[in-house]
Structures are given as structure tokens and as C-alpha cells.
Amino acid sequence: MTAPTKPPQSHSTDAGCDAPLATPLQATVIDWFDENARDLPWRRPEAGPWGVMVSEFMLQQTPVNRVLPVYEQWLTRWPRPADLAKDAPGEAVRAWGRLGYPRRALRLHGAAVAIAERHGGDVPTDHAQLLALPGIGEYTAAAVASFAYGQRHPVLDTNVRRVLARAVTGVQYPPNATTAAERKLARALLPDDEGTAARWAAASMELGALVCTAKNESCHRCPITALCAWQLAGKPEHEGPPRRGQTYAGTDRQVRGKLLAVLRDAHAPVPQAALDRVWHEPVQRARALDGLVSDGLVEPLQGGMYRLPLS
DNA sequence: GAGACGTGGAT
DNA sequence: TATCCAAGTCT
């Protein structure tokens with residue numbers, strides 16, 4: 001199991017003269033990670049910052065197993081940001097395949113252009129510069145800075161939020177939207193040492209992904225079950241309003257998805273008539289197509305023809 | 001801050 | 001079959 005760079009010494013608070021690098025909670029999770037981390041391509045040293053960044057875009061709301069093959073294709077085709085920047089944005093959208101939320105492909109292309117233009121072709125190391133790139137928000141900026149460059153940032157994704165909600169706060173699920181209290185907690189739990197903080201970020205995320213899952217959590221395999229506030233409280237069920245689930249069937253999103261699928265599979269401009277076949281209801285169909293055009297995902301041509309954007 | 005934004009596997 | 005969920009971002 002290859003995991004990111006290991007600190008030179010033990011994380012444990014063993015008897016001795018050195019100050020602990022982390023408290024027992026963090027040290028235990030990091031030790032568990034050392035033994036149980038998945039060998040994912042973007043965690044290998046050869047992935048580099050660009051590989052980490054591409055993976056983070058793809059993993060926004062898309063499961064690891066579906067990302068893996070597309071990630072390999074992207075890194076083979078566009079091994080550096082400048083390679084992607086040279087290609088048409090529509091090629092990024094096409095190569096995105098069925099990962100979903102294709103605006104991410106457009107934003108990743110835009111980020112590559114910005115990196116080529118403003119950063120000499122290298123993924124920036126600075127959190128604020130990362131945050132300024134299209135498609136990079138609070139989470140992704142922290143993740144790239146932490147995983148690619150070993151920096152110390154609170155990395156608060158859905159996995160970490162759930163782990164902290166249970167282990168520390170003692171509730172089954174975190175709030176729907178990230179709160180200031182969660183940020184404060186994540187900040188407080190960040191180990192002082194930079195490298196240890198980066199490992200804690202990856203480790204706590206992995207624990208949420210493999211053990212402390214949203215449903216069917218595996219507390220019997222959890223390294224911190226004895227410290228877990230939720231466990232100690234008897235694993236009370238979530239109270240309050242149901243966590244919002246999004247409907248999909250019949251929405252504009254579904255229509256947009258069908259329209260874009262036609263354009264992805266075509267390697268020449270597509271006539272309006274071909275797009276009309278994907279959805280029976282003309283008003284919604286037109287609205288969805290307009291939306292794709294205004295989002296820059298589709299380029300309208302003369303004579304009612306459409307294609308993925310060339311620029 | 002609520003809602004839009006894709007897709008497919010699991011239960 | 002219906003709902004939930006997956007390393008979020010943007011408006």
C-alpha cells in the first residue's frame with residue numbers, strides 16, 4: 001500500500017521526551033491509514049500536482065471506481081496542464097465521458113489555461129492562487145495544497161465532516177451545509193506539524209470513505225471506535241429534518257444530460273433535429289439546450305447546427 | 001443560503 | 001421502484 005510521504009518518526013504519544021506529533025485520535029487514524037490506504041493512482045508519487053488536481057476535479061461528487069479509467073485516459077492524453085490548455089474545451093467535455101456534471105470538465109480546462117498563462121505551466125502551490133482557479137473551491141484548494149504539496153490545511157470534505165460529526169460531536173450526520181463550527185473544529189484538530197497535518201487529512205478522509213460510511217458503517221473495523229463520541233452515546237439516530245435528496249427524473253438536468261450525450265458521441269456538428277429526438281417536450285428541451293449554450297458547454301453554429309465548444 | 005448542476009450503483 | 005449517496009462549486 002503506497003501512501004503519501006511518511007513523517008520521519010512515530011506519530012504515537014509513546015513514553016519519551018519528544019512532544020507528540022498528534023493526539024491519540026489523529027495518531028491512531030494515521031497509523032490505520034498506513035496499513036489500509038488504497039493504492040490509488042493519484043496517490044502515487046509520479047502523479048504529481050497535476051495528477052492530484054485532475055483527480056480532485058473528477059472526484060467532486062463522483063465515486064472513485066468511476067473516476068479511475070477516465071483519470072488514466074486524461075493523464076495519458078494531457079500529461080501537463082499546458083497540454084490540456086492547447087486543446088479545445090469541447091475535447092475536455094468529450095473526454096469527461098459520463099462522469100457527470102460536465103461543467104467540471106470545462107472548468108478544469110479553464111484552470112489549465114490559467115495555469116499555462118499565469119503560472120508558467122505549473123500547478124500553483126499557494127492556497128489563494130489555487131482558490132482563484134475556475135472549479136476550485138475551499139475544499140479542492142485545501143486538498144491540492146495538502147495532497148500535492150504536503151501543506152497544512154483543514155480538508156473538510158463530506159467524509160471528514162461525517163467522521164468528525166460522529167467521532168467528536170457524537171451525532172450520526174453532519175449538517176446539510178458546512179458550518180462555521182465544523183470549520184473551527186477541523187482547524188482545532190489539525191496537527192501542528194505540516195507533514196502530519198497532510199497525512200491526517202488523507203487518513204481521516206479515507207476512514208470516512210472505507211469505514212465510517214454514510215450507511216452501513218463498519219464500527220467493528222474502526223480504529224477509533226473506543227474514542228468515538230457517537231459510539232459512546234449508543235449511536236443515536238439522526239434527528240431533525242430529513243436530509244435533502246435531489247430528484248432527477250424529468251428535470252432539466254436529465255434533458256441536458258441527454259443532449260450532451262448526443263454531442264459527445266458525434267464528431268461532427270449535429271443538426272437540431274437530432275437533438276430534438278432526445279426529449280419530447282419542446283419547451284423544456286429548448287430551455288435545456290439554451291442553458292447548455294449559455295454555460296459554454298455547447299456551441300451553436302449557422303443553420304441550426306450544434307457541437308461541443310471549439311474555443 | 002437555497003437550488004442548480006449528471007450519472008450510475010447499492011439498498 | 002424509489003431513494004440515497006458519491007473527495008463540491010457557483011450563483
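Each chain gets a letter, A, B and so on, in the order the sequences are listed, and its residues count up from 1. The structure displayed is predicted, hence computed values, not measured ones.
Within 4.0 Å of Ala143(A), counting heavy atoms only, lies no atom of the nucleic acid at all. If you check every strand for non-hydrogen atoms under 4.0 Å, Ile136(A) touches sugar and phosphate atoms only. Among the atoms of the strands shown, base atoms are found under 4.0 Å from some heavy atom of Gly100(A).
Here Arg98(A) pairs with nothing under the side chain to side chain donor-acceptor pair (under 3.5 Å) rule; sequence neighbours left out. Considering only residues two or more places apart in sequence or on other chains, Glu237(A) meets the salt bridge (Lys or Arg N to Asp or Glu O under 4.0 Å) condition with none of them. The side chain to side chain contact (heavy atoms under 4.5 Å, CB included) search around Ala286(A) returns none, not counting sequence neighbours. Taking Asp252(A) as the reference, Gln284(A), Arg287(A) meet the side chain to side chain donor-acceptor pair (under 3.5 Å) condition, with sequence neighbours excluded. Looking at residues two or more places apart in sequence or on another chain, you find no side chain to side chain donor-acceptor pair (under 3.5 Å) involving Arg166(A).
When the P atom is compared between dA7(C) and dA4(B), the two are found 23 Å apart, to the nearest whole Å. On the C1' atoms, dT9(C) is 24 Å away from dG9(B), given to the nearest whole Å. Here, dG3(B) and dC4(C) have their P atoms 16 Å apart, quoted to the whole Å.
Under the 4.5 Å side-chain criterion, counting only non-hydrogen atoms from C-beta, Arg38(A) is in contact with Leu210(A).
In this structure, the ring of Trp78(A) has its center no less than 6.0 angstrom from the ring center of Trp50(A).
Annotation: proximity of residues 55-63 of chain A to DNA chain C (heavy atom, distance under 4.0 Å) is found for Glu56(A), Leu59(A), Gln60(A), Gln61(A), Pro63(A), numbered in ascending order.
The distance from atom CH2 of Trp42(A) to atom P of dA7(C) is 12 Å, rounded to the nearest whole Å. Across the protein-nucleic acid pair, Arg103(A) atom CZ and dT7(B) atom C1' stand 15 Å apart, rounded to whole Å. In this structure, Arg107(A) atom CZ and dG8(C) atom P are separated by 14 Å, rounded to whole Å. When the P atom of dG9(B) is taken as reference, atom OH of Tyr248(A) falls 13 Å away, rounded to whole Å. Note: OH (Tyr101(A)) to P (dG6(B)) measures 7 Å, nearest angstrom. The interatomic distance linking Leu108(A) (CG) with dG8(C) (P) rounds to 16 Å, in whole Å. In this entry the distance linking CZ of Arg161(A) with P of dA7(C) reads 12 Å, nearest Å.
Residues Gly135(A) and Asn159(A) both approach DNA chain C. Their nearest nucleotides, taken by heavy-atom distance, put Asn159(A) toward the 5′ side. Ranked by how close their nearest DNA chain C nucleotide is to the 5' end, Thr213(A) and Thr140(A) are led by Thr213(A). Of the two residues near DNA chain B, Gln254(A) and Asn216(A), the one whose nearest nucleotide lies more 5' is Gln254(A).
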>> Using the rule given for side chain to side chain contact (heavy atoms under 4.5 Å, CB included), can you reason through His109(A) versus Leu84(A), listing the C-alpha separation, both sets of side-chain angles and the distance that settles it, and then say yes or no?
In response: CA-CA 6 Å; His109(A) 180 272; Leu84(A) 177 58; 4.0 Å; yes

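Phosphate proximity of dC5(C) to Arg66(A): absent, as no side-chain N or O sits under 4.0 Å from OP1 or OP2. Of the side-chain N and O atoms in Arg287(A), none sit less than 4.0 angstrom from OP1 or OP2 of dA4(B). Put simply, Tyr139(A) has no side-chain N or O that comes within less than 4.0 Å of OP1 or OP2 on dT9(C). Arg256(A) has a side-chain polar atom (N or O) that falls below the 4.0 Å cut-off from OP1 or OP2 of dG6(B).
Comparing dC5(B), dA7(C), dG6(B) by their closest approach to the side chain of Pro102(A) singles out dG6(B).
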